[in-house]
Amino acid sequence: MKILIKNIKELLQTRATSIDMISGSDMKILPKIDDAFLLIEDELILDYGSMADCPKEDDSIQEVIDAQGCVVLPTWVDSHTHLVYAGNRTLEFVDRINGLSYEEIFNRGGGILNSAKKLQETSEADLYEQSKVRVEEVIAQGTGAVEIKSGYGLTVDAELKMLRVIKRLKENYPIAIKATFLGAHAFPSEYKDNHTAYIDLIVNEMIPAIAKENLAEYIDAFLETGYFSVEETERIMEAGKQYGLRAKIHVNQFTAINGIAACVKHDALSVDHLEIVTDEDIEVLKNSKTMPVALPTCSFFISIPYTPAKKMLAAGLPLALASDSNPGTTPSGNMNFVVATACIKMKLTPEEAINAATINGAYAMGVSATHGSITKGKKASVIITKPLHSFYEIPYAFASNPIGTVILNGQIQPYKN
């Protein structure tokens, strides 16, 4: 089937050849074509260009969309989420308003352990039904590729349950999904004083069971003071590597403890959070293949510092943006708001933010070959906005919904906000 999108006001992120990532000052450049067309055939982008070169409408084209006044861009790539979970943590939201810190909530049984208890008590069928609602919501908000982590199970059976739900979502929805095993999200209460035993459980039981069912592509750990140490995380990364699970690690959310150096040493695909970044961390990331990922709506929601994005770009680093969608610290997977928050609070330009949420996001979840840009032969996964004055309006009108139509793999999606 062919779909022709014509009279596009601005066609963004047009790349004649696919690139892996954009770094430093290059992130200020967002290639676009004004008054453009985009031609889709089946699942792929067939052609694009100026309306002066638009193909004639004939019987070979089954659908024509007039995008007069609209912006078209590749769908968002959200490389860090926890979309599969049970229930919510609204009471902790109120606790935080009343002055309790993230650490205080965790120490009294809230946070990750609260979510783990709920998930362990929830059936796989119910967990799927809850999670698919969130997947449909992010599709409607323009996300076309998403990484989803486990980590609210913290037992062998519950972690497998989460990953099976992720696998089922991948089978049933057109959005590209990558699964990450995050058994090292927190230490269960019974292992609070015996970290080695829990890591033994991760390494000797969880990882082999996950690999046997081919349930994950990546492995993660919460490398942070009070959670998993550098040494503990290194053991987990090494064990994952033996089963083909590349690392994508939570690091530097609250403290800097040389975790980034350990991640780069183990060839992590990404290091995520980075609210605290030292000069030494920046030097380590230079010339590495590890993508730094900022999660600005987490900073917004729990009032912690924002990733020092401008400093990192000035040093020549790349940067990706992701939502961190989860029940406790970022209960939203809306990448439009992520882009807006990055512009408003981290002072990224709209060009930098969109590059970070498309091409660099694709690199951070391993889908650069298929997603992240308007390139012939890539998946036809695109956003058609509502009529806008310019693409700057996406972050500018931060509380408005800019999404008109979402197309994934050449199929117009029925989901709406």
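Start at 1 with the first residue, then count along the sequence.
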Using a strict 4.0 Å threshold on nitrogen-to-oxygen distance, state whether [X] and [Y] make a salt bridge.
X	Y	result
Arg168	Glu124	no
Lys289	Asp267	no
Glu121	Lys117	yes
Arg134	Glu137	no
Glu217	Arg246	no

Is [Y] close to [X] at the side-chain level, that is, under 4.5 Å between some pair of heavy atoms?
X	Y	value
Leu295	Thr330	no
Met312	Leu274	yes
Val138	Trp76	no
Ile210	Leu160	yes

Partners passing side chain to side chain donor-acceptor pair (under 3.5 Å) against [X] (at least two apart in sequence or in another chain):
X	result
Thr81	none
Thr358	Gln13
Ser79	none

Result block: side-chain N/O donor-acceptor pairs under 3.5 angstrom for residues 176-186, not counting sequence neighbours:
unit_1: Thr180; atom_1: OG1; unit_2: Glu147; atom_2: OE2; d: 2.7
unit_1: His185; atom_1: ND1; unit_2: Gly151; atom_2: O; d: 3.0

Closest heavy-atom pair and its distance - [X], [Y]:
X	Y	value
Leu12	Leu30	CD1-CD2, 4.2 Å
Val64	Ile61	CG2-CG2, 3.9 Å
Lys416	Gly404	NZ-O, 3.0 Å

Distance alone, cut at 3.5 Å: any donor-acceptor contact between the side chains of [X] and [Y]?
X	Y	answer
Ser332	Asn334	no
Asp281	Thr278	yes
Asn326	Thr329	yes
Asp157	Thr155	no
His250	Glu224	no
His273	Asn252	no

Applying ring pair (Phe, Tyr, Trp, His ring centres under 6.0 Å), name anything that partners Tyr173, two or more places apart in sequence or on another chain.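 Partners of Tyr173 by the ring pair (Phe, Tyr, Trp, His ring centres under 6.0 Å) criterion come out as none, since no residue qualifies.
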
Within the side chain of [X], is there an N or O that forms a donor-acceptor pair under 3.5 Å with the backbone of [Y]?
X	Y	answer
Glu275	Tyr306	no
Thr307	Ala309	no
Thr405	Ile384	no

Only one of Asp78, Asp220, Asp324 clears salt bridge (Lys or Arg N to Asp or Glu O under 4.0 Å) with Lys149; which?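 Result: among Asp78, Asp220, Asp324, Asp220 is the only option passing the salt bridge (Lys or Arg N to Asp or Glu O under 4.0 Å) with Lys149.
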
Run through Lys2, Lys378, Lys379 and flag the one making a salt bridge (Lys or Arg N to Asp or Glu O under 4.0 Å) with Glu43.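 Per the salt bridge (Lys or Arg N to Asp or Glu O under 4.0 Å) rule, the option paired with Glu43 is Lys379, out of Lys2, Lys378, Lys379.
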
With ring centroids as reference points, do Phe187 and Phe228 lie under 6.0 angstrom apart?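 For Phe187 and Phe228, the ring centres are under 6.0 Å apart.
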
Scan for side-chain hydrogen bond (donor to acceptor under 3.5 Å, both in side chains) pairs involving residues 193-205, sequence neighbours excluded, and state none if there are none.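 Pairs touching residues 193-205 that pass the test: His195-Glu232, Asp200-Arg235.
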
Classify the angle between the aromatic ring planes of Phe301 and Phe93 as parallel (below 30°), tilted (30 to 60°) or perpendicular (above 60°).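 Taking Phe93 first and then Phe301, their aromatic rings lie parallel (interplane angle under 30°).
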
